[in-house]
Amino acid sequence: MTLQSLLDDLAVFCIFLMIGFLLREFIKPLRKLFLPASIIGGAVALILGNKCIGLVQIPDSFEGVSGVLITVVTTSVVFGIDINLERLKSDIDYTLACNVMYGYQLLVGTLVGAALCLIWPALPEGWGIMGVFAYFGGHGTALVAADAFEQLGIEGTREIAVILATIGLITAMVLGMVVVNFGIRKGWGSYVQSPDKSDEATKAGVLPKEKQVPIGMEKVNSIGINSLALQLCFIMISIFIGTVIFGLLDDYIAIVSQFPGTIKGIVGAIILWPLLKKLKLDGYVDRRSISTISGLALELVVLTAVATLRIDIITSYFWPIMIYSAAIVLPMLIICVALCRGFCGKENWFEKACCLFGMSNGNNATGLALLRAVDPNSQSNVAEALGVFMTVSLWIQVAPGLFPMMVTGSMWTMVLIGVGLVVVDLVVMKLFFAAKRGKQ
């Protein structure tokens, strides 16, 4: 690949991303489904490309984009994350609830996936764990796991990842709004008497002035270095550090060579970020700019992954995927409400249940979207509780790279981890939060 071909491929990506954006802007049903432009544009590229009707030649480089750039996305998670003890004490109940849901999806997904393999033997080995990554992390996290499976020589998981994540995104909002409406009518909400009808998430056009926010802050004089370039340096240096460390370990530990690049970036960031803080250089890091870079990389990852899906795999696995999704998603409607109602306090339990259902079926954004419907003026502490969960649960970012290796060794390892997360966190919630809730 030459630099010119790279530029040409980037132009193709931008054309389809713009097509996806324009279709979303002018076709309201697409906005009602909460589909991002990257999925829509990728679907258009898939249909028009050589795998369907053949009107457009999709660049060969698209096949490998997700496996490379997903490392940028996962590395970016670590920067700017700090643990505040007071916040941890006040909001840890929500973190425990999230861990229960994560364990539930891992446990049920592994068992249901294994059962379906008995009916459809052609399903990829260990594919049942894909649900927890697709539902609990969205397209980006699911594609990390799919890349780890492909490095192990197991094909077909990328198509499953995209389909499951898309199903999760849609059900998070559609079924989530059912929960919102039902809960408000039952009087469970603390801040609204009827669901928010502003429909902000499905509006088109330019954002109003008061809602426009900067995508980053300049931390240094731009004459010296572009601020976004500086933040990109932090990300890439982290990846370099992790790559060097794993390269050295590979000489002594054979299994290290099987670790995906995503883990290398996270390890590098875990080393670099505390070092910057220790040297009092953390002021150079701008969390919002790093999130912007991560968001751009994720757009590339999702669109190219959708554009290069194998249609034959999608059609072959359609029914097991539907059965699998129903087995995991539908019970969550009851579990999220029961879990938060039992352990998360009288005032904000319903708001936490809505956010939990949204984020454990789609991603943090869908969780916050449902939260906004029941807490439009941000009066609850739920967004803060979500931040605490993201801070203390960085291990979840490593799981998509490690679990595929573990499940191919023994699926019962995943079952035990799932059971452990559910049981341990439920016991802690029962001991420390059930009594607390009763006193409120």
Side-chain angles (χ1 to χ4, degrees), residues 66-67 70-78 81 95-114 124-152 154 157-158 160-162 164-165 168 238 242 246 255-256 258-270 294 298 301 324 328 356 359-364 367 386 388-425:
S66 61
I70 198 65
T71 304
V72 174
V73 178
T74 54
T75 304
S76 302
V77 173
V78 177
I81 298 295
T95 297
L96 295 170
C98 290
N99 287 341
V100 171
M101 296 310 301
Y102 194 93
Y104 158 77
Q105 292 186 5
L106 183 61
L107 169 62
V108 176
T110 301
L111 293 176
V112 172
E125 180 185 0
W127 78 283
I129 67 169
M130 290 301 299
V132 69
F133 304 128
Y135 298 138
F136 217 94
H139 291 81
T141 306
L143 288 169
V144 172
D147 178 61
F149 271 114
E150 289 188 353
Q151 289 187 34
L152 295 170
I154 300 174
T157 52
R158 188 171 60 152
I160 292 174
V162 172
L164 288 178
S238 297
F246 277 76
I255 196 174
V256 168
Q258 299 181 34
F259 283 24
T262 51
I263 296 180
K264 299 172 186 177
I266 292 174
V267 169
I270 289 174
S294 173
L298 187 57
V301 165
Y324 177 94
I328 293 181
L356 178 60
M359 67 166 288
S360 57
N361 276 289
N363 49 44
N364 291 343
L386 176 58
V388 170
F389 166 70
M390 294 301 297
T391 302
V392 301
S393 301
L394 286 177
W395 65 271
I396 287 179
Q397 302 302 322
V398 181
L402 287 178
F403 283 5
M405 288 192 301
M406 296 168 68
V407 77
T408 54
S410 172
M411 79 166 199
W412 297 110
T413 303
M414 295 295 98
V415 172
L416 289 175
I417 293 175
V419 170
L421 283 170
V422 172
V423 173
V424 171
D425 287 283

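All values derive from a computational prediction rather than experimental measurement.
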Taking distance alone, no hydrogens or angles, what donor-acceptor pairs closer than 3.5 Å link side-chain atoms of residues 98-112 to residues at least two apart or in another chain?
unit_1	atom_1	unit_2	atom_2	d
N99	ND2	D425	OD1	3.4
Y104	OH	I328	O	3.0
Q105	NE2	S360	O	2.7
T110	OG1	L106	O	2.6

I'd like a table of donor-acceptor pairs (distance under 3.5 Å, sequence neighbours excluded) in which one partner is a side-chain atom from residues 398-409, with atom names and distances.
unit_1	atom_1	unit_2	atom_2	d
T408	OG1	P404	O	3.2
T408	OG1	M405	O	2.7

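- Although no hydrogens or angles enter the test, the distance criterion places no donor-acceptor pair under 3.5 Å between the side chain of W127 and the main chain of T157.
- Summarising the geometry, atom NZ belonging to K264 is positioned 11.5 Å from atom OG1 belonging to T75; distances are rounded to the nearest 0.5 Å.
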Which pairs would a plain distance check flag for residues 132-144, meaning a side-chain donor or acceptor within less than 3.5 Å of a matching protein atom at least two apart in sequence or in another chain?
unit_1	atom_1	unit_2	atom_2	d
Y135	OH	S325	OG	2.8
H139	NE2	T166	OG1	3.0
T141	OG1	G137	O	3.3

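- Atoms CE and OH, on M130 and Y324 in that order, are 8.5 Å from each other to the nearest 0.5 Å.
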